[in-house]
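Worksheet for the structure shown next.
Just so it is clear, the model here is predicted, and its values are computed rather than measured. We use all heavy atoms of the structure for the numbers below, so side chains are in, but hydrogens, waters and symmetry mates are not.
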Amino acid sequence: MTERLSQAELEAVDWVIRSNSADFVAWADLSDWMALSAANADAFNRLALLDSEAAQRLRSRQVQPLFAAANDDAPAVGSGRWNALRNWPALGGVAAALMVAVLLWPRGPVVIETGPGELREVAIADGVTASLNGSTRIEYSRDDPRVLRLVRGEALFDVRHGSGKPLEVTAGTLVMRDLGTTFDVVLSPTQTQLAVSQGKVLFDARGASLPVEQGQGVRLIAGKPGPVRFAVSGEAVAGWRSGRLIYRDAGIVQIAEDLSRRFGAPVTAAPAARSLRFTGAIGAGGSADETIRKAGIMLGASPVKTASGWRLDAPR
């Protein structure tokens with residue numbers, strides 16, 4: 001049975017390949033990625049060492065092709081792109097395993113996701129970082145990490161000005177493009193939302209390209225025609241990263257979804273409570289039970305503990 005590489009190892013292979021390039025300059029991003037977890041640092045250090053060992057072995061001995069071309073005197077045992085190597089044991093067992101992993105591993109999309117209640121920050125490309133809220137998944141191509149897809153959840157993207165081609169984020173049927181800014185994207189069953197804290201983003205919604213600038217947001221609600229613009233503060237855009245959920249005239253359904261991502265437990269709004277709206281800040285740094293009880297009081301709702309999570313009922 002072939003053992004799959006872990007997510008940290010997959011990302012480490014990509015970093016090893018990129019850092020070997022003569023024009024690689026993203027050392028700060030690499031350092032930040034390694035600092036995210038011990039698994040990242042361990043995977044990169046191990047693979048970089050193996051890569052170095054493989055390079056030394058290649059320099060110290062003549063390595064014959066692994067597969068002979070069909071027109072060689074030797075019997076052909078392979079064809080196509082892998083005809084470049086033969087006699088791979090000359091590389092050494094461990095180093096050869098790394099080389100095969102790097103060369104043969106399928107180049108599918110990079111998948112980064114968080115579990116319920118988990119927060120994570122990752123370096124996507126040179127000058128681009130993403131902060132993922134709980135129960136969030138993003139995907140991007142290894143060949144073009146500046147074109148990515150938010151599959152579900154919420155992510156805050158920080159793009160350094162002048163760092164390269166525009167970042168393109170797809171969420172559902174909507175596409176957002178930016179050149180240098182900080183913006184937050186939410187994709188949930190009830191809505192798709194963009195909020196910009198710095199810079200400017202082009203929001204493509206159903207054929208119309210809308211510029212969204214600092215302090216502005218756009219929300220597309222399921223079942224309703226056209227996007228809705230709203231004002232937003234920079235603190236509100238990124239508040240969830242520090243445990244503050246900040247709202248201006250927000251519906252209780254949106255707040256329930258935010259609490260669900262934050263704590264990893266389903267929080268729903270009862271039909272009778274869905275007319276409730278809220279302006280203010282909810283501190284989400286404590287436990288789920290404590291925060292949701294307090295949020296219920298602030299919203300004017302009655303929080304009820306259920307078997308799987310919480311339900312916000314209409315006030316009694």
Side-chain angles (χ1 to χ4, degrees), residues 114-120 131-136 150 152-156 171-172 182-197 212 215-316:
T114 54
E118 177 189 3
L119 305 182
R120 183 178 178 189
S131 298
L132 279 65
N133 206 338
S135 300
T136 295
L150 176 65
R152 64 173 180 270
E154 179 175 17
L156 180 79
T182 301
F183 64 100
D184 188 80
V185 184
V186 176
L187 178 62
S188 76
T190 63
Q191 67 174 355
T192 304
Q193 176 178 290
L194 164 70
V196 180
S197 64
V212 184
Q216 298 179 340
V218 176
R219 181 180 298 123
L220 192 63
I221 301 173
K224 294 188 177 181
V228 177
R229 288 183 177 270
F230 60 93
V232 64
S233 68
E235 184 183 15
V237 172
W240 58 265
R241 293 193 300 181
S242 58
R244 281 174 56 83
L245 307 179
I246 303 171
Y247 301 100
R248 179 185 296 182
D249 192 32
I252 194 172
V253 172
Q254 176 189 344
I255 297 171
E257 290 177 347
D258 291 346
L259 291 169
S260 296
R261 277 192 297 273
R262 178 70 187 182
F263 294 108
V267 181
T268 59
R274 292 183 181 178
S275 62
L276 296 175
R277 306 193 70 80
F278 175 72
T279 297
I282 299 174
S287 68
D289 289 357
E290 175 189 3
T291 300
I292 294 170
R293 285 195 181 97
K294 288 182 179 179
I297 295 171
M298 298 174 71
L299 294 168
S302 297
V304 177
K305 194 81 165 68
T306 66
S308 59
W310 288 88
R311 184 181 67 250
L312 301 175
D313 284 351
R316 297 172 182 172

Check: residues 263-281 side-chain donor-acceptor pairs under 3.5 Å, at least two apart:
{"residue": "R274", "atom": "NE", "partner": "A269", "partner atom": "O", "Å": "3.0"}
{"residue": "R274", "atom": "NH2", "partner": "A269", "partner atom": "O", "Å": "3.1"}
{"residue": "R277", "atom": "NE", "partner": "D249", "partner atom": "O", "Å": "3.3"}
{"residue": "R277", "atom": "NE", "partner": "D249", "partner atom": "OD1", "Å": "2.9"}
{"residue": "R277", "atom": "NH2", "partner": "D249", "partner atom": "O", "Å": "2.6"}
{"residue": "T279", "atom": "OG1", "partner": "D249", "partner atom": "N", "Å": "2.8"}

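In terms of heavy atoms, P189 sits closest to A222 at O-CB, 3.9 Å. Across every non-hydrogen atom of G234 and S197, the tightest pair is CA-CB, 3.8 Å.
Annotation: the span from E118 atom CD to N133 atom CG amounts to 10.5 Å, rounded to 0.5 Å. How far CG of L187 is from CZ of R152: 10.0 Å, rounded to the nearest 0.5 Å. Summarising the geometry, atom CD1 belonging to I255 is positioned 8.5 Å from atom CG belonging to L245; distances are rounded to the nearest 0.5 Å. From L194, atom CG reaches atom CG of L150 across 11.5 Å, with rounding to the nearest 0.5 Å. Note that the CZ atom of R241 and the CG atom of L156 stand 4.5 Å from one another [nearest 0.5 Å]. Rounding to the nearest 0.5 angstrom, the gap separating the CG atom in L132 from the CG atom in L119 is 9.0 Å.
Side-chain N or O atoms of T114 include one that pairs as donor or acceptor with a backbone N or O of T136 at under 3.5 Å.
Under the salt bridge (Lys or Arg N to Asp or Glu O under 4.0 Å) criterion, the residue pairs touching residues 261-273 are E154-R261, D258-R261, with sequence neighbours excluded. Counting only residues at least two apart or on different chains, the side-chain hydrogen bond (donor to acceptor under 3.5 Å, both in side chains) pairs with a member in residues 283-302 are D289-W310, E290-K294. Among residues at least two apart or in separate chains, there is no salt bridge (Lys or Arg N to Asp or Glu O under 4.0 Å) pair with a member in residues 297-308.
Scanning for side-chain contact (heavy atoms from CB on, under 4.5 Å) contacts around V228 gives an empty result, with sequence neighbours left out. Judged as a side chain to side chain donor-acceptor pair (under 3.5 Å), and not counting sequence neighbours, the contacts of E257 are S188, T190. Applying the salt bridge (charged side-chain N to carboxylate O under 4.0 Å, His left out) criterion to R311, with sequence neighbours excluded, gives D313. Under the side chain to side chain donor-acceptor pair (under 3.5 Å) criterion, Q254 pairs with no residue, sequence neighbours left out. Take R248 and apply the side chain to side chain donor-acceptor pair (under 3.5 Å) test, not counting sequence neighbours, and it matches no residue. Q216 is linked by a side-chain contact (heavy atoms from CB on, under 4.5 Å) to V212, E213, R229, counting only residues two or more places apart in sequence or in another chain. In this view, S135 and P116 satisfy the side-chain contact (heavy atoms from CB on, under 4.5 Å) rule, not counting sequence neighbours. Evaluation of the salt bridge (charged side-chain N to carboxylate O under 4.0 Å, His left out) rule for E235 yields R244 as partners, not counting sequence neighbours.
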